[in-house]
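To find a chain, count down the sequence lines: A is the first, B the second, and so on, and within it residues start at 1.
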Protein chains: 2
Amino acid sequence: MSGKEIRRSMPLFPIGTVMQLTELTARQIRYYEEHQLISPARTEGNRRLFSLNDIDRLLEIKDLIDQGINMAGIKQLFLVKEQQSNMMEQQTEKAKPDLTNEQLRKLLRNELMHSGRLNRSSLRQGDISRFFH
Amino acid sequence: MSGKEIRRSMPLFPIGTVMQLTELTARQIRYYEEHQLISPARTEGNRRLFSLNDIDRLLEIKDLIDQGINMAGIKQLFLVKEQQSNMMEQQTEKAKPDLTNEQLRKLLRNELMHSGRLNRSSLRQGDISRFFH
DNA sequence: AATCTTATGTTAGATTTTCTAACATGGTTT
DNA sequence: AAACCATGTTAGAAAATCTAACATAAGATT
């Protein structure tokens, strides 16, 4: 279902809330945007509005920075991750129909998670969504 | 589990976001607060911060107003609802242990939903949480 | 060692958002 | 008609956020 994706990308949170949720400073958050690690939406009046996805991403960024990775590295990681998730989509589409999409997705995700440390953190998604029902 | 309740009562949203999500005006939202139908949290600087529960409640209020019920009526409904949910708790606690809490809760909820129209809307919760994962 | 780079802090001034309080108004109820 | 209810509108103040600029500590590069 893609309604989930829509909900998760809905711009809801002002920077103040995001600061508390992520324990990042406004400066840090804006800096990461400047380096195109996130692209929060804007209100009519130009104030940033963040989605759940944005917040997940910020928590990921925090992790990666703790691991000593710099902006360029993180950007690259996100690119690779996106490619992979596209690959997964393709694989899933032409999959044998005796496995449900759900099952297949799990298999592929699992595979990726256990192949090379690059993906560990980038696929460990859903940090913030734990806050929600 | 009560972690869910905590998450759902976490103050996250400024009034602007709530206006969009509920299609209520700021005036309406403040008016409902004035009549103690909601009690959003406040920032240090006195700006309102709403939780998912608050938003659910606002949507409920909207429904009830559409049904022609006034402030006093809605307030009363919420009181009754809360009493009932307390009663449910008690019932659930001392329940025969050959039914899981989950099952019992469903039973009771179902019972309430089908007894008197008062409860229909007040137990039809989770409107806004559909937005979240 | 001196310099450059990176990630972040800090400050200033402008703009947007939200606040309360007051008054206005069209439907209802009395 | 008078009063009440739910909401609109307005004004002025305060808070939150914005961009841009300068500051700086720790690492990397020369």
Side-chain angles (χ1 to χ4, degrees), chain A residues 10-52 54-55 57-79 121-122, chain B residues 10-52 54-55 57-79 121-122:
Chain A
M10 201 171 188
L12 295 173
F13 308 98
I15 201 169
T17 299
V18 176
M19 287 171 65
Q20 293 196 170
L21 251 24
T22 60
E23 298 179 272
L24 292 167
T25 66
R27 183 65 163 95
Q28 287 176 302
I29 295 171
R30 297 194 193 108
Y31 186 70
Y32 303 151
E33 179 184 17
E34 193 180 337
H35 286 264
Q36 303 162 54
L37 303 184
I38 49 172
S39 317
R42 298 287 181 129
T43 67
E44 273 191 19
N46 198 37
R47 269 81 241 266
R48 274 166 263 254
L49 274 192
F50 299 78
S51 67
L52 287 173
D54 289 329
I55 295 177
R57 202 167 239 246
L58 283 171
L59 290 172
E60 243 179 278
I61 293 171
K62 222 185 155 194
D63 264 19
L64 296 172
I65 282 179
D66 281 350
Q67 294 173 40
I69 304 172
N70 65 10
M71 298 295 107
I74 297 175
K75 195 168 174 183
Q76 196 54 38
L77 274 174
F78 285 160
L79 278 180
S121 85
S122 63
Chain B
M10 199 173 192
L12 295 172
F13 306 98
I15 201 170
T17 299
V18 177
M19 289 171 65
Q20 292 197 169
L21 250 25
T22 61
E23 297 179 273
L24 292 166
T25 66
R27 183 66 164 95
Q28 287 175 302
I29 296 171
R30 296 195 192 110
Y31 186 70
Y32 304 151
E33 179 184 17
E34 194 180 336
H35 287 264
Q36 303 162 55
L37 304 185
I38 49 172
S39 317
R42 298 286 182 130
T43 67
E44 271 191 21
N46 199 37
R47 269 81 240 269
R48 274 166 264 255
L49 273 192
F50 299 78
S51 68
L52 287 173
D54 290 328
I55 295 176
R57 202 166 240 246
L58 284 170
L59 291 173
E60 244 179 276
I61 293 171
K62 222 184 156 194
D63 264 19
L64 296 172
I65 284 180
D66 281 350
Q67 295 172 39
I69 304 172
N70 65 9
M71 297 297 106
I74 296 175
K75 196 170 174 181
Q76 195 54 39
L77 274 175
F78 285 162
L79 277 180
S121 86
S122 63

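- When the side-chain nitrogen and oxygen atoms of A/Tyr31 are compared with OP1 and OP2 of C/dT8, none of them lie within a distance under 4.0 Å.
- Contact check, A/Arg48 against D/dT17: no side-chain N or O comes under 4.0 Å of OP1 or OP2.
- When each of B/Leu49, B/Leu58, B/Leu12 is checked for a side chain to side chain contact (heavy atoms under 4.5 Å, CB included) with B/Val18, only B/Leu58 meets the rule.
- Proximity of B/Tyr32 to the phosphate of D/dT7: a side-chain N or O atom is located under 4.0 Å from OP1 or OP2.
- Atom-to-atom, CD of A/Gln20 to P of D/dA16 comes out at 10 Å; the value is rounded to the nearest Å.
- Rounded to whole Å, atom P of C/dT17 lies 16 Å from atom CG of A/Leu12.
- Rounded to a whole Å, the CG atom of A/Leu58 is 15 Å from the C1' atom of C/dA7.
- Neither OP1 nor OP2 of D/dA15 sits under 4.0 Å from any side-chain N or O of B/Thr43.
- Scanning atom types as modelled, no donor and acceptor separated by under 3.5 angstrom connect the side chain of A/Arg47 and the base of C/dT17.
- As rounded to whole Å, 12 Å separates atom C1' of D/dA6 from atom CG of B/Leu37.
- For B/Asn70 and C/dT28, the CG to P distance is 14 Å, given to the nearest whole Å.
- Using modelled atom types, no side-chain atom of A/Arg27 and backbone atom of A/Thr25 make a donor-acceptor pair closer than 3.5 Å.
- Taking for each of A/Ile65 and A/Glu44 the nucleotide of DNA chain C with the nearest heavy atom, the 5'-most of the two is the partner of A/Ile65.
- The separation between B/Arg27 atom CZ and C/dT25 atom P is 14 Å, rounded to whole Å.
- When rounded to the nearest whole Å, the span between CD1 of B/Ile15 and C1' of D/dA14 equals 15 Å.
- Counting to the nearest Å, the P atom of C/dA7 and the NZ atom of A/Lys75 are 12 Å from each other.
- For B/Asn46, taking side-chain heavy atoms from C-beta onward, the closest of the listed nucleotides C/dA7, C/dT20, D/dC5 is C/dT20.
- In this structure, the side chain of B/Asp66 does not engage the main chain of B/Asp63 through any donor-acceptor pair within 3.5 Å.
- A/Leu21 is listed as a side-chain neighbour of B/Met10, based on a closest heavy-atom distance under 4.5 Å.
- One finds the CE atom of A/Met71 at 9.5 Å from the CG atom of A/Leu64 (value rounded to the nearest 0.5 Å).
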